[in-house]
Amino acid sequence: MKDNQSKYSVAVIVSVGLHVVLLVLLGLSATSTPLKPLPKPKVQAIQAVVVNEQAVKQHAERIKRTEQDKRRKEQQRIQAAEDRINKLNKERQQKEAAIVKANDKQKKAEQAAKRAESKRAEKEVERKNAEAAAVKAEQQRLKKVEERKNAEAKTKKAEEQRKKSEAAAVAAESKRLAAQEKEQKRQAAVAAENKRKKAEDAKQKAEQERKRQEAEKQRVADQKRKAAEKERQRLAKIERDKQERLMQEQIEAEFASELDSEIQQLDAVRQQEVLSEVDKYTIRIQSSIQRNMLTSDAMKGKSCALNIRLADSGLVLSVTSGKGDRIVCRAGVNAVNKAGSLPISADPEVANKLKNINLIFRPEI
């Protein structure tokens, strides 16, 4: 602006100087004319000077207007340049704000991924601990099975030893009875011989009767002995069967208890693995929804309950919204439909839990 004013001042000064020079020249030409002429030419000369001064003023006005037009155009050009610079600065600030916002969103996504990875690592440690516990339980079970087998072997060996002892006792008893019978016969023979010697004829019938009675007594004794032996063997067999049955029931009960405990541990480990996989795929599903969602500051701190039904391949069959912010619900449903297909596990149990999933969705703003 100062440069324009200085240029304008210089132009005005030059113009005024030229007009002064022109007036001086006109004045000189007037003084150089003779004094004899009539006053009429003088009047005309004065009129000429007046006309020239008017032309000078008009010319000065034109120069002034020209300079004003130039100054106005220059101001307009400067204003347009300043407006363009302000617009460029505003666009640059908007782009910088968008970059900052994108960086913040990326940082939040990275932080969420780190939290998910940390959670997955913790669950992996829990799973490994559960597997170690299952292995330890299996080792203990195998140890108990081995101890049970050793106990059965010892019991079997003791039973065989008992049978041998019983057989030896039976043999000894038979030998004793045979010796006793032989001794009785010998004594009877001696007594009979003595009686025979004393009164062979008188005691012949008595001897025969005695022998008959002795034979009958021996037969009854044999019957009683055999019956007693048979009853003893029957009772022993009943006792052995009872002990074997009790032992078998105890072994079966212990095995069933160990098997149930093992099955429960394996089921717990499997259930933990399934839940861990479900959590992992739930995080992946939420991330997929976040990527396909259009967010705004109005969604900050708000949430929506979504129910998503998936096919075996992960194809979205339906998505419905429940309680929550209306804008967030609409944006979440649109994001799921836009994704079309969501991550799903190849494990049938995990996939079955993901086919109908309910989650609370919160936009990352």
Side-chain angles (χ1 to χ4, degrees), residues 130-269:
E131 289 179 353
V135 170
K136 185 177 180 181
E138 177 64 15
Q139 291 175 350
Q140 291 178 352
R141 186 188 68 79
L142 293 175
K143 184 178 179 181
K144 289 182 179 180
V145 170
E146 186 66 23
E147 291 176 353
R148 186 179 72 248
K149 289 182 179 179
N150 293 335
E152 290 177 354
K154 289 180 180 179
T155 303
K156 186 176 181 181
K157 186 176 180 181
E159 182 65 18
E160 291 176 352
Q161 188 65 31
R162 186 184 63 78
K163 290 181 178 179
K164 290 180 180 179
S165 298
E166 289 181 353
V170 170
E173 180 66 17
S174 299
K175 193 178 287 186
R176 186 188 67 77
L177 292 174
Q180 183 180 0
E181 184 179 358
K182 185 177 181 180
E183 180 62 21
Q184 289 177 353
K185 287 181 179 181
R186 188 187 65 77
Q187 291 176 0
V190 171
E193 183 64 20
N194 291 332
K195 288 180 180 181
R196 187 185 65 78
K197 289 180 178 181
K198 291 179 179 179
E200 185 176 357
D201 293 337
K203 294 182 179 178
Q204 186 175 6
K205 291 184 181 180
E207 182 64 20
Q208 292 177 352
E209 181 63 21
R210 186 192 64 78
K211 289 180 179 181
R212 187 188 65 77
Q213 291 177 357
E214 186 68 23
E216 181 65 19
K217 182 180 179 181
Q218 186 64 36
R219 185 183 65 79
V220 172
D222 289 342
Q223 287 181 349
K224 289 181 178 180
R225 181 180 59 79
K226 290 179 180 179
E229 180 65 19
K230 187 176 181 180
E231 181 65 16
R232 186 189 65 77
Q233 291 178 357
R234 187 181 68 80
L235 293 176
K237 185 176 183 303
I238 291 173
E239 184 65 21
R240 286 197 306 274
D241 293 341
K242 182 179 179 181
Q243 292 296 329
E244 289 177 357
R245 186 172 64 255
L246 290 175
M247 184 176 293
Q248 185 66 28
E249 290 176 355
Q250 184 178 359
I251 291 171
E252 290 177 355
E254 291 178 355
F255 181 75
S257 177
E258 292 174 0
L259 184 61
D260 289 341
S261 177
E262 183 179 356
I263 291 173
Q264 290 176 0
Q265 291 177 356
L266 292 176
D267 288 343
V269 171

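Everything quoted here is computed from the prediction, not taken from an experiment.
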Are the charged groups of [X] and [Y] less than 4.0 angstrom apart, N to O?
X	Y	answer
Arg141	Glu138	yes
Lys157	Glu160	no
Arg225	Glu173	no
Asp241	Lys237	yes
Arg234	Glu231	yes

Atom pair [atom1]/[atom2] of [X] and [Y] - distance to nearest 0.5 Å:
X	Y	atom1	atom2	value
Arg219	Arg212	CZ	CZ	10.5 Å
Glu229	Asp222	CD	CG	12.5 Å
Ile238	Gln233	CD1	CD	12.0 Å
Lys224	Lys217	NZ	NZ	10.0 Å
Lys144	Arg148	NZ	CZ	10.5 Å

Please determine, by modelled atom types, if Glu214 and Gln218 share a side-chain donor-acceptor pair under 3.5 angstrom. no
For the residue pair [X] and [Y], establish whether any side-chain heavy-atom pair is separated by less than 4.5 Å.
X	Y	answer
Glu159	Arg240	yes
Glu181	Leu177	no
Lys156	Glu152	no

